[in-house]
Amino acid sequence: MLRLYNTLSRKIENFIPLNPPKVGMYACGPTVYDYTHIGHLRKYIGDDILRRVLEMDEYEVKHVMNITDVGHLVSDEDSGEDKMEKGARESGRTVWEVAKFYEDYFWKSTEAVNIERPSVVAKATDHIKEQIKLIQRLEKNGFIYQTPEAIYFDISKFPDYTKLSGQRLEEKQIGARAEVVVDKQKKNPQDFALWFFTVGHFADHSMKWSSPWGEGFPGWHIECSAMSMEYLGDSLDIHTGGIDHIPVHHTNEIAQSEGASGKTFVRFWVHHNFLQVDGEKMSKSKKNFYRIEEIIDKGFEPLALRYLFLTAHYRDKINFTWQSLQAAQNALNNLREEIRAWEQPKEVIDQFWQKFVEAANSDLNIPQAVGQLWEMIHASYPTASKSATILKMDKILGLGLDQYIGKQIEIPEEVMKLVEKREESRKKGNFEQSDKLRKEIKKLGYEVEDTPQGSHIKT
Ligand code: AMP
Ligand code: ZN
C-alpha cells in the first residue's frame, strides 16, 4: 500500500482514494509568461513520478493540470501588474502570443525529461465561466465582499484558514505570491481577490470578461479551485505543488473550495521541495536559473537531469551543481552500458521488484528504489530476468532504458581499425602512440576502456 506524507496532517498516512481504483490528482501548472527552467522541471518530474507510482499500484489516475494564462500578478514592488500583461508589454507581443509561446516551451522542456502529459490540461482563460460560477457559490454562502477594485474572499468568515501551513494568522505572509494589490478598502490584510475589475491600474488590461459584478478578470487562486472541482468533483484525492504554495495559494484554494462546497477539498496535499543554487531557490527573479537548452549546450542529456532528480527524495532540497549533473550523466551512461549486453526479457526477479515497489510506496522513496535497481545489476541472475525486472522498474523511473537493453553499439570499421592499431601499440609498449589513437577515436564519438578482456568501446 502507498504511504504518503500529507502536508495537512503533517504525517505519513496510508493512501486510500475516495473511489478506488480511481484517483483524482490535481497539479498546479505553469504561469506561461516566461521560460520554464530546471527548477520547475523538478516539480513536474515529482508529479510524474507520483502518477507513475499510483499506476504501478494499479490505480486509474486522472491527472489534471492547469495552465495559468491570466490573473497571476507580480510582486507588490512591481506594482501588481498581471504577469502575462507584463510579458506582452515587454516583448511587444499580444498576451495570447506570449501564452502560446511559453506554453509550447513548457511542453518541449517536459517532453525532453520524459514527463507524461496530464490526462486533462485546463487553461484558465478557457474556464472563466466555471470561475464565475464558483464565486457565485461563495457569494451565496456569504464569503465575499466587493470594493470598487475587486471582489474579495473574507478570510475572517472561514474557520481555521491557516490549517494547511499551521501558521498563526498574524504571521501569515501577505504577498508571498504577491497576489494582493493593496486596496485600502480590504477588510483583512489576508483577504484575497477572486475577481479584479478593469479599473484604476487595471483599466488597460487586455484580457477581460463580463461578470455579474462587472467587467474584469479572475484572481489566480480561483482558477485552481474552479478547474480542479470541474474535472475532479468537490473532493480530490491528491493536490500537488511546490512548497512555496503552502502558505498562500493552497491556503486560499482550501478556503474558496471548502467555503463553496462545505466538504473537504483535498485529502492528500503533496508538496515538492525546491531545486536550489548556492542555498537559494532557483528562480527567475534571482536570475540563478538554467533552462533545458543550457543543459544540452553543456553536453548533458536532459535525461541525466531526470536521473539527478531521482536520486533525492521529493521532500528534500537539491542543490544544483554541474558536478552533480556530471555524476548523474556518468551513472546513466554506466547503466546503459551494463544493459546493452543483456538478453531479451523473460521472467521478473520478484525479490528485487518487491523491494523496489516497497521503496516507491514508502512516501515515494525513489532514491532507495534506484538503489534496488543497482543492487540487481550487480547481483548474479540471468540477464534475461534482469532485463524483465529493469523494464518494470523503468515504467516508474522513466529513463527510457528499453532502448538500450540488448542493443550493442555498432562500431564503424574506421573506429575498429583505430582500436586494433591502438591495441598493437599498447602491446609494444608505445603508450604515446596509443594515447594519440585514443584521442582520434574520441573525436569520432567513441571511448576505449582497457579491461582484462581487452579493449571495451563505449559511445
Ligand atoms: P510558477 O510558474 O512560478 O508558478 O511555478 C510552477 C511550479 O514550479 C510551482 O509549483 C512552483 O512551486 C514550482 N517551482 C518553481 N521554482 C522551483 C524550484 N526552484 N524548485 C522546485 N520547484 C519550483
Ligand atoms: Zn494552483
Side-chain angles (χ1 to χ4, degrees), residues 7 25-50 64-75 82-84 86-87 98-99 102-103 105-106 109-110 113 115 118 121-124 127 131 164 176-179 192 218-232 236 238-257 265-266 269-291 305 308-309 312-320:
T7 309
M25 163 171 159
Y26 184 86
C28 282
T31 304
V32 283
Y33 73 107
D34 207 336
Y35 289 106
T36 302
H37 58 66
I38 62 171
H40 297 128
L41 290 181
R42 180 181 186 194
K43 142 46 206 170
Y44 296 105
I45 288 176
D47 287 344
D48 188 55
I49 292 286
L50 170 56
V64 181
M65 190 193 78
N66 66 303
I67 301 271
T68 301
D69 53 359
V70 68
H72 195 164
L73 306 190
V74 292
S75 64
D82 183 309
K83 287 186 175 188
M84 298 298 306
K86 184 168 184 265
V98 169
Y102 291 115
E103 187 191 335
Y105 189 84
F106 171 80
S109 308
T110 55
V113 290
I115 294 175
V121 176
K123 276 191 205 154
H127 295 80
Q131 297 177 67
L164 186 64
R177 262 330 273 242
E179 82 284 20
F192 55 93
W220 171 42
H221 313 297
I222 195 74
E223 74 171 85
C224 282
S225 286
M227 297 194 286
S228 58
M229 290 161 90
E230 170 70 17
Y231 292 103
L232 298 169
L236 334 178
I238 301 175
H239 192 316
T240 76
I243 50 169
D244 51 337
H245 287 346
I246 300 169
V248 181
H249 184 49
H250 291 165
T251 289
N252 293 349
E253 275 190 50
I254 292 177
Q256 295 164 150
S257 304
F265 173 43
V266 169
W269 282 98
V270 172
H271 289 102
H272 302 285
N273 210 326
F274 289 143
L275 182 65
Q276 297 192 324
V277 183
D278 298 330
E280 284 197 284
K281 178 189 174 194
M282 181 176 284
S283 72
K284 201 199 144 237
S285 56
K286 296 202 186 87
K287 297 201 168 51
N288 61 355
F289 64 93
Y290 302 107
R291 303 191 331 227
L305 187 70
L308 172 65
F309 293 167
H313 190 256
Y314 76 98
R315 287 195 284 123
D316 291 333
K317 297 176 205 131
I318 301 180
N319 193 44
F320 180 79

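Computed over heavy atoms, backbone and side chain alike; hydrogens, waters and symmetry mates excluded. Both ligands and their constituent atoms are indexed starting at 1 by order of listing.
Per-residue contacts place D244 under 4.0 angstrom from the following atoms of ligand 1 (heavy atoms of the residue considered): 11 (C), 12 (O). Annotation for ligand 1: atoms under 4.0 Å from non-hydrogen atoms of Y44 are 6 (C), 7 (C). Near N273, meaning under 4.0 Å from one of its heavy atoms, ligand 1 places the atoms 21 (C). Counting atoms of ligand 1 from 1 in the listed order, those under 4.0 Å from a heavy atom of H245 are 9 (C), 10 (O). The atoms of ligand 1 that sit less than 4.0 Å from any heavy atom of K281 are 15 (C), 16 (N), 17 (C), 19 (N). Those atoms of ligand 1 that come under 4.0 Å of a heavy atom in H37, given as number and element, are 16 (N).
The option from K286, K43, M282 that lies nearest to atom 19 (N) of ligand 1, judged by heavy atoms, is M282.
In this structure, W220 has its ring center closer than 6.0 angstrom to the ring center of H245. Checked against a 6.0 Å centroid threshold, the rings of F106 and Y44 count as neighbours. Remark: aromatic rings of H127 and Y231 are close, center separation under 6.0 Å.
Using a cut-off of 2.8 Å, one finds that C224 contributes an N/O/S atom close to the Zn ion (ligand 2). Note on C28: counted as a metal contact of the Zn ion (ligand 2), an N/O/S atom lying under 2.8 Å. Put simply, H245 stays out of reach of the Zn ion (ligand 2), with no N, O or S atom under 2.8 Å from it.
Taking the six-membered ring where the residue is Trp, H221 and F192 present perpendicular rings, their angle passing 60° and hence far from 30°.
Considering backbone and side-chain N/O of L275, one or more are found under 3.5 Å from N/O of ligand 1. Of the polar atoms of G39, at least one N or O is found under 3.5 Å from an N or O of ligand 1, judged by distance alone. Below 3.5 Å of separation, one finds no N or O of G241 facing any N or O of ligand 1.
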Decide side-chain hydrogen bond (donor to acceptor under 3.5 Å, both in side chains) for H239 and E253; before the verdict, give the C-alpha distance in whole Å, the side-chain angles of both, and the deciding distance to 0.1 Å.
-> CA-CA 10 Å; H239 192 316; E253 275 190 50; 2.7 Å; yes
Report the C-alpha separation of L275 and H37 in whole Å, then their side-chain angles, then the decisive distance to 0.1 Å, and conclude whether the side-chain contact (heavy atoms from CB on, under 4.5 Å) test is met.
-> CA-CA 10 Å; L275 182 65; H37 58 66; over 6 Å; no
Take F309 and H272 through the test side-chain contact (heavy atoms from CB on, under 4.5 Å) and record every step on the way to the result.
-> CA-CA 11 Å; F309 293 167; H272 302 285; over 6 Å; no
Starting from the C-alpha separation in whole Å, work towards a yes-or-no answer on side-chain contact (heavy atoms from CB on, under 4.5 Å) for L308 and F320.
-> CA-CA 9 Å; L308 172 65; F320 180 79; 4.1 Å; yes
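Considering only heavy atoms from C-beta on, Y26 comes within 4.5 Å of L232 through its side chain.
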